[in-house]
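See structure below.
Values reported hereafter were calculated over all heavy atoms of this structure, with side chains retained and with hydrogens, waters and symmetry mates removed. Just so we're clear, the structure is a prediction, and the values are computed from it rather than from any experiment.
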Amino acid sequence: QPVFAGSRPHEPLVENEIINPFPMRWVHLEKGVDAHQQIAKQVVKILNQGQRGELCFAEDGINRSVTESDIAILAKANEDLDKIQYELEKNGVSVNRPSRRSVFEGVIAHDVAAVLSAIMNPNDEEKVRRALLSLLIGLDLGQLSEIENQADGLGFYISEFHTIRELWFERGFLSAWQYLVDTFNVWENAITSNGKDSERTVVNLRHLSELLSQYSSQYQGPQSLYQWYLRQITKPGEREWELERSLSNDSGVKLMTIHKSKGLEFKIVLLFKADGALRE
């Protein structure tokens with residue numbers, strides 16, 4: 001049976017005041033240069049064109065610049081999407097890839113581990129310093145240096161971590177965690193310390209705190225729960241309960257496998273390794 005394109009209208013893409021000059025384009029990747037880095041650079045190039053007003057969508061007579069949310073990257077394998085996501089985030093590009101990455105892989109998960117380590121070892125100044133530089137507490141190197149140059153040095157923070165440790169042993173994880181959150185304004189720090197990716201940071205931190213609370217009833221004693229958490233950081237997986245939760249909006253470059261994309265539409269699509277994907 002003959003196949004025809006659907007009749008539903010789509011906003012035309014305008015490039016340098018020309019309507020959709022090249023609906024399909026082939027980008028030949030350089031040999032010897034990582035392919036995932038190159039596709040990330042293509043996305044950055046597209047976004048820069050949008051910021052300059054050179055690449056827009058004509059919507060109701062008004063040109064709207066291309067944004068991250070207009071772009072989707074499709075690949076055969078999740079392994080390729082993992083590497084592309086890393087390169088995009090390294091370039092400051094937001095990614096919308098729900099339910100594929102473990103919550104234990106993100107920066108905030110490692111920062112939680114650093115804080116838990118400081119609580120378990122409050123006299124270890126190296127662990128305390130690492131905790132203070134985490135997104136939860138939010139100090140920078142300059143502020144840390146100023147604190148260490150004061151007469152009391154890290155004394156206040158060491159004392160607070162001792163208090164939190166005692167609470168954890170005597171009253172359980174939730175009491176200790178709540179004291180930590182209140183004392184160091186953890187949620188405010190998480191919102192302000194990670195720029196435009198703050199929503200992901202907050203959602204992941206809430207997810208992690210819920211998991212710690214949940215598993216605190218299964219792993220009796222702080223040491224057992226602490227070791228459980230470190231194991232998750234060391235070997236994150238793709239179990240349903242540990243996958244990152246969706247954000248409140250759909251902003252960011254969409255990443256998904258070709259198989260998952262069936263039946264969906266995107267304004268701009270980059271098909272990774274299109275030569276091999278189309279042959280198969």
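- Taking both residues in full, the closest heavy atoms of Val14 and Ala58 are given as CG2-CB, 4.1 Å, listed atom of the first, atom of the second, then distance.
- The side-chain heavy atoms of Trp168 and Met120, taken from C-beta on, include a pair separated by under 4.5 Å.
- A continuous path of Ile, Leu, Val, Met, Phe, Trp and Tyr side chains, each step under 4.5 Å between heavy atoms, connects Leu136 with Trp187, placing both in one hydrophobic cluster.
- In summary, of the residues considered (Val66, Ile18, Ile19), a side chain to side chain contact (heavy atoms under 4.5 Å, CB included) with Leu13 occurs for Val66 alone.
- The two atoms that bring Gln143 and Gly138 nearest to each other are OE1-O, 3.8 Å, heavy atoms only.
- Glu160 pairs by the salt bridge (charged side-chain N to carboxylate O under 4.0 Å, His left out) definition with nothing, not counting sequence neighbours.
- For the salt bridge (charged side-chain N to carboxylate O under 4.0 Å, His left out) criterion with Glu89, the lone passing option out of Lys83, Arg200, Arg101 is Arg101.
- Leu270 places none of its side-chain heavy atoms less than 4.5 Å from the side chain of Val27.
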For residues 110-117, dump all side-chain donor-acceptor pairs below 3.5 Å to protein atoms at least two apart in sequence or in another chain.
residue: Asp111; atom: OD1; partner: Arg130; partner atom: NH1; Å: 3.3
residue: Asp111; atom: OD1; partner: Arg130; partner atom: NH2; Å: 2.8
residue: Asp111; atom: OD2; partner: Leu135; partner atom: N; Å: 2.8
residue: Ser117; atom: OG; partner: Ala113; partner atom: O; Å: 2.9
residue: Ser117; atom: OG; partner: Tyr226; partner atom: OH; Å: 2.7

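- Applying the salt bridge (charged side-chain N to carboxylate O under 4.0 Å, His left out) rule to Asp124 yields the partners Lys127; only residues at least two apart in sequence or on another chain are considered.
- Here His10 and Phe57 keep their ring centres 6.0 angstrom or further from each other.
- Counting only heavy atoms from C-beta outward, the side chains of Trp177 and Ser213 never approach each other to under 4.5 Å.
- The line from NZ of Lys267 to CD1 of Ile71 is 12.0 Å long, rounded to the nearest 0.5 Å.
- The two residues Ile233 and Phe104 make their nearest non-hydrogen contact at CD1-O, 3.6 Å.
- Between Glu30 and Gln38, some side-chain heavy-atom pair lies under the 4.5 Å cut-off.
- A 4.5 Å side-chain heavy-atom check between Phe161 and Asn121 finds every atom pair outside the cut-off.
- Residues forming a side chain to side chain donor-acceptor pair (under 3.5 Å) with Lys90 (at least two apart in sequence, or on another chain): Glu87.
- Taking Glu166 as the reference, nothing meets the side chain to side chain donor-acceptor pair (under 3.5 Å) condition, with sequence neighbours excluded.
- With values rounded to the nearest 0.5 angstrom, Tyr229 atom OH is found 8.5 Å from Leu211 atom CG.
- Every residue two or more places apart in sequence or in another chain was checked for a salt bridge (charged side-chain N to carboxylate O under 4.0 Å, His left out) with Arg231, and none qualifies.
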Note to self: Assess the residue pair Leu154 and Leu144 against the criterion (side chain to side chain contact (heavy atoms under 4.5 Å, CB included)); give the C-alpha distance rounded to whole Å, side-chain angles, the decisive distance to 0.1 Å, and a yes or no.
What the structure shows: CA-CA 9 Å; Leu154 296 173; Leu144 180 59; 4.0 Å; yes
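- Leu264 and Val269 end up in the same hydrophobic cluster when Ile, Leu, Val, Met, Phe, Trp and Tyr side chains are linked at under 4.5 Å.
- Using bins of under 30°, 30° to 60° and over 60° for the plane-to-plane angle, the ring pair Phe184/Tyr157 lands in the parallel bin.
- Residues passing the side chain to side chain donor-acceptor pair (under 3.5 Å) test with Asn149, sequence neighbours excluded: none.
- For Glu265, the salt bridge (charged side-chain N to carboxylate O under 4.0 Å, His left out) partners at least two apart in sequence or on another chain are Arg8.
- His207 meets the ring pair (Phe, Tyr, Trp, His ring centres under 6.0 Å) test with no other residue; sequence neighbours excluded.
- Residue pairs meeting the side-chain hydrogen bond (donor to acceptor under 3.5 Å, both in side chains) criterion with at least one member in residues 41-64, sequence neighbours excluded, are Glu15-Gln49, Arg52-Glu54, Glu59-Arg64, Arg64-Asp70.
- Across all non-hydrogen atoms, the minimal contact from Ser261 to Phe266 is CB-CE1, 4.3 Å.
- Criterion: ILVMFWY side-chain heavy atoms under 4.5 Å apart, direct or through other members. Under it, Ile73 and Val33 are not part of a common hydrophobic cluster.
- Rounded to the nearest 0.5 angstrom, Ile164 CD1 and Ser159 OG are separated by 9.5 Å.
- Scored by the ring pair (Phe, Tyr, Trp, His ring centres under 6.0 Å) test, Phe156 finds no partners at all (sequence neighbours excluded).
- In this structure Arg129 satisfies the side chain to side chain donor-acceptor pair (under 3.5 Å) test together with Glu125, Glu126, Glu148, sequence neighbours excluded.
- Across every non-hydrogen atom of Ala190 and Ser198, the tightest pair is O-CB, 4.0 Å.
- The side-chain hydrogen bond (donor to acceptor under 3.5 Å, both in side chains) with Ser102 is formed by just one residue from the set Arg239, Glu242, Glu244; it is Glu242.
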Margin query: Please determine whether side chain to side chain contact (heavy atoms under 4.5 Å, CB included) holds for the pair Val43 and Ile84, giving the CA-CA distance in whole Å, both sets of side-chain angles, and the decisive distance to 0.1 Å.
Written below: CA-CA 10 Å; Val43 171; Ile84 291 168; over 6 Å; no
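- Using a 4.5 Å cut-off on side-chain heavy atoms (C-beta onward), Val107 and Thr201 make no contact.
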